[in-house]
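Here is the structure we will look at.
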Amino acid sequence: MPDPVQRSITWLAEQAVAGGELLGVALTSGVGVGLAIGDGRRIAVATGDPAAIVAAIDAAIGPRWVWWHRETADPLAVAGVGVQRCWDVLTVHRLLHGGWRASVPGAWARLHDLPLDSLPAMGQLGLLDVHPDEGADPDDPVRPDGHLRPEWTSGGWAASPDRLAAWAELAVVAARRQAEQMLTSGSDPQRVRSTAHAESAAELLCAELTVHGLPIDVPEAERIIADAVGPRPPDEAAADVARRARDDAVLAHAPIGARIDLRNPNDVRAMLRRVGVDVPDTRAWRLEHHRDAHPLVGALLTWRKAERIATTYGYRWLTEHVRDGRLRGEWSSSDGAAGRMTASSGLHNLPAELRPAVAAESGHVFVRADLGQIEPRVLAAVSGDPALVAATTADDLYQGVATRLGVARDVAKVAVLGAMYGATTGTSAQALRGLEREYPMAMGLLESAAATGRAGGDVVTIGGRRVRMWTDETVDDTGRGDIDRARRVAAARGRFARNALIQGAAAELFKVWAVTVRARATHLDARIVLCLHDELIVHVDESAGPRVADILVEALGEAAHRWSPERDVRFVADVSVIRRWSDVA
DNA sequence: ATCGTAGGCGCC
DNA sequence: AAAGGGCGCCTACGAT
């Protein structure tokens with residue numbers, strides 16, 4: 001190991017002992033790595049592989065690494081540096097303030113109460129304006145007016161080792177201010193800090209998921225696709241012929257003489273009307289009721305399924321998103337709403353028919369686990385409703401609720417889910433009154449969230465995530481009056497807020513679980529390859545499968561302990577060791 | 001031509 | 001039983 005690296009490790013070890021709990025890092029592969037404690041002491045390392053340096057320091061002193069954003073996590077994931085403790089400033093910013101968009105200059109401005117309208121514009125926009133930093137030192141990342149210098153934030157931070165070190169130091173300053181803000185946020189600061197740690201680790205996990213991908217048995221995927229839409233067409237013309245053949249199978253049932261585009265919902269609706277099926281839209285669940293009315297309906301529904309494979313999960317999808325036997329997509333740790341993870345390339349909406357193609361590599365297994373009845377258990381935890389907390393001790397929570405309400409299990413389940421989604425009509429309405437009677441704390445919490453949402457207010461999850469209420473003007477106006485429209489917008493906001501409280505909290509618990517699994521299973525060379533809201537898939541050598549299965553269960557207990565405000569809520573996971581995703585018991 | 005929106009559907 | 005919350009991705013279509 002080169003001398004400067006050894007020196008920096010020694011230096012950092014001393015600082016860590018002296019009380020520097022946070023360690024800033026900024027790195028680029030071309031330039032090196034910048035490190036900082038955050039009280040003015042920096043170190044710039046120009047030689048050596050940045051990721052190797054980080055790995056060596058991580059092993060030596062195990063600090064909580066602080067970085068600005070994903071651009072630092074990505075190269076660490078590529079290099080396989082399994083950093084455990086981190087603080088991602090932009091991820092924490094999204095946690096505290098909500099929304100999906102977040103930028104380094106914006107987060108900095110917010111932290112320092114700087115007016116957002118004086119945010120420095122990118123590019124050349126400012127050339128003709130009076131420069132707020134006229135004559136100032138361009139090597140200082142902060143302008144005299146307090147904003148970050150755009151030349152730095154747009155990439156100049158990586159220009160030299162010294163700048164990397166200054167940038168790392170600034171990240172620590174930002175993280176410290178974020179921690180201070182938590183003290184006055186209105187939520188429990190300990191709890192929010194804990195969420196910040198988990199969310200930051202989840203963002204790093206997302207960088208790793210993006211790099212690793214999901215193992216795919218490509219020949220099996222091709223077989224499934226061929227079953228649905230035929231063999232891979234050699235050219236565009238052949239693809240066109242195949243598509244026409246699929247269309248004709250449906251149109252054979254249609255009234256003759258009609259020129260119908262099956263991909264045009266208006267055409268389809270008109271066609272259905274001509275065979276006596278009158279529907280407001282042509283969604284599958286609606287057409288299901290009319291299956292017996294005419295053979296056209298069944299043919300259309302079958303066509304739609306094949307069309308889904310052909311267009312979204314067909315040969316093009318395979319060649320574009322599967323490389324080296326892995327389905328690769330972009331992962332992000334929190335969406336713009338309640339904070340669930342998102343993934344592209346179909347990773348989060350792979351049709352069940354394709355799941356046999358998701359297969360462990362040879363000599364490996366998947367260890368798969370999903371959380372059972374996660375939403376009502378989360379509702380019990382965040383509301384502290386004693387009756388609902390008691391219901392979580394059962395494997396089947398809904399059965400207990402049904403017994404208490406004196407209704408059928410299905411009715412109870414629909415009612416509980418409906419209460420969390422905002423459904424208020426139908427047969428669940430009567431059971432809803434039963435819920436309000438038997439679980440007043442839980443239902444009261446949901447109703448107060450809905451009221452906040454209806455009034456246009458933000459809701460805050462138990463972990464401290466702010467979910468910003470939308471101010472959408474584009475809700476469809478069918479020509480009725482403004483009052484009616486305002487009422488519909490308010491109702492939609494109420495449903496959104498009601499759900500966000502639960503969906504957001506469930507996402508928090510899930511991420512704590514996932515990053516705990518990641519931490520506890522790295523020594524087995526196990527890799528999380530899929531996160532699906534309440535389901536985890538870990539890829540590992542077959543010899544370690546049973547051990548990882550145990551870890552998934554233990555990690556859930558640990559995660560619940562760290563996350564749940566309510567000691568007595570029981571969370572359950574269904575775990576299995578499998579070769580293919582479709583092998584689930 | 002390029003963009004945003006809506007209908008539709010996959011998953012949770 | 002009813003059709004509610006989130007996301008990504010496809011197509012067609014109208015506005016720019």
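In the text below, chain A, chain B and the rest are named by the order of the sequence lines, each starting its count at 1.
- In this entry the distance linking NZ of A/Lys413 with C1' of C/dG4 reads 15 Å, nearest Å.
- In this entry the distance linking CD1 of A/Ile374 with P of C/dG5 reads 21 Å, nearest Å.
- Ion pairing of A/Arg244 with A/Asp248 is absent here, as no side-chain N (NZ or NE/NH1/NH2) approaches a carboxylate O to less than 4.0 Å.
- Applying the ring pair (Phe, Tyr, Trp, His ring centres under 6.0 Å) rule to pairs touching residues 336-356 of chain A yields A/Trp331-A/His348, A/His348-A/His533, sequence neighbours excluded.
- For DNA chain B, no neighbouring residue in residues 313-326 of chain A is found when judged by any heavy atom under 4.0 Å.
- Less than 4.0 Å separates DNA chain B from no heavy atom of any residue of residues 507-516 of chain A.
- Relative orientation of the A/Tyr313 and A/Trp317 rings is perpendicular, given thresholds of 30° and 60° on the angle between their planes.
- A/Pro376 approaches A/Leu397 most closely through the heavy-atom pair CB-CD2, 3.7 Å.
- Remark: A/Arg246 pairs with A/Glu307 by the salt bridge (charged side-chain N to carboxylate O under 4.0 Å, His left out) rule, at least two apart or across chains.
- In this structure, A/Arg527 does not pair ionically with A/Glu208, as no charged nitrogen and carboxylate oxygen lie closer than 4.0 Å.
- Proximity of residues 235-249 of chain A to DNA chain B (heavy atom under 4.0 angstrom from any strand atom) is not detected for any residue.
- The residues A/Arg243 and A/Asp240 are annotated as salt-bridged, a charged nitrogen and a carboxylate oxygen being separated by less than 4.0 angstrom.
- Candidate nucleotides C/dG5, C/dG8, B/dG8 were compared by shortest atom distance to the side chain of A/Arg304, and B/dG8 ranks first.
- The side chain of A/Arg355 approaches B/dC11 more closely than any other nucleotide in the set B/dC11, C/dC7, C/dG4.
- Partners of A/Asp267 by side-chain hydrogen bond (donor to acceptor under 3.5 Å, both in side chains), not counting sequence neighbours: none found.
- Residues meeting the side-chain hydrogen bond (donor to acceptor under 3.5 Å, both in side chains) test with A/Asp217, sequence neighbours left out: A/Arg580.
- In this view, A/Thr91 and A/Asp88, A/Arg94, A/Glu199, A/Glu203, A/Ser333 satisfy the side-chain contact (heavy atoms from CB on, under 4.5 Å) rule, not counting sequence neighbours.
- Of the listed nucleotides (C/dG6, C/dA12, C/dG4), C/dG6 has the atom at the smallest distance from the side chain of A/His533.
- By the neighbour-count criterion of 12 heavy atoms within 6.0 Å, atom CG of A/Asp292 is sparsely surrounded, having that number or fewer from other residues, nucleotides or ligands.
- Between A/Asp324 and A/Arg326 no salt bridge is recorded (no basic side-chain N to carboxylate O distance below 4.0 Å).
- Evaluation of the side-chain hydrogen bond (donor to acceptor under 3.5 Å, both in side chains) rule for A/Arg291 yields A/Glu288 as partners, not counting sequence neighbours.
- For the atom pair CZ of A/Arg316 and OG1 of A/Thr311, the computed distance is 8.0 Å after rounding to the nearest 0.5 Å.
- Taken residue by residue, residues 275-290 of chain A places heavy atoms nearer than 4.0 Å to DNA chain B at A/Asp281, A/Thr282, A/Arg283, A/Ala284.
- Salt bridge present: A/Arg454 and A/Glu447 bring a charged side-chain N and a carboxylate O closer than 4.0 Å.
- Here the straight-line distance linking atom CZ of A/Arg340 with atom NZ of A/Lys511 works out to 10.5 Å at 0.5 Å rounding.
- Across the helix from B/dA1-C/dT16 to B/dC12-C/dG5, the helix axis at one end is tilted relative to the axis at the other end by 10° (nearest 10 degrees, each axis from five pairs).
- Contact of A/Arg308 with C/dC10 (side chain to base): no donor-acceptor pair of N or O atoms is detected under 3.5 Å.
- You'll find that the side chain of A/Thr312 is closest to C/dC10, out of B/dC11, C/dG6, C/dC10.
- Atom CZ of A/Phe496 is separated from atom C1' of C/dG6 by 8 Å (rounded to the nearest Å).
- Put simply, NE2 on A/His348 is 18 Å from P on B/dG10, counting in whole angstrom units.
- You'll find that the side chain of A/Ala352 is closest to B/dC11, out of C/dA12, B/dC11, B/dC9.
- Interface residues of residues 262-270 of chain A facing DNA chain C, ordered by number: A/Arg263, A/Asn264; criterion, heavy-atom separation under 4.0 Å.
- Here the nucleotide nearest the side chain of A/Ala337, chosen from C/dC7, B/dC12, B/dG10, is C/dC7.
- Nearest to the side-chain atoms of A/Ala423 among the listed nucleotides C/dG4, C/dG5, B/dG10 stands C/dG4.
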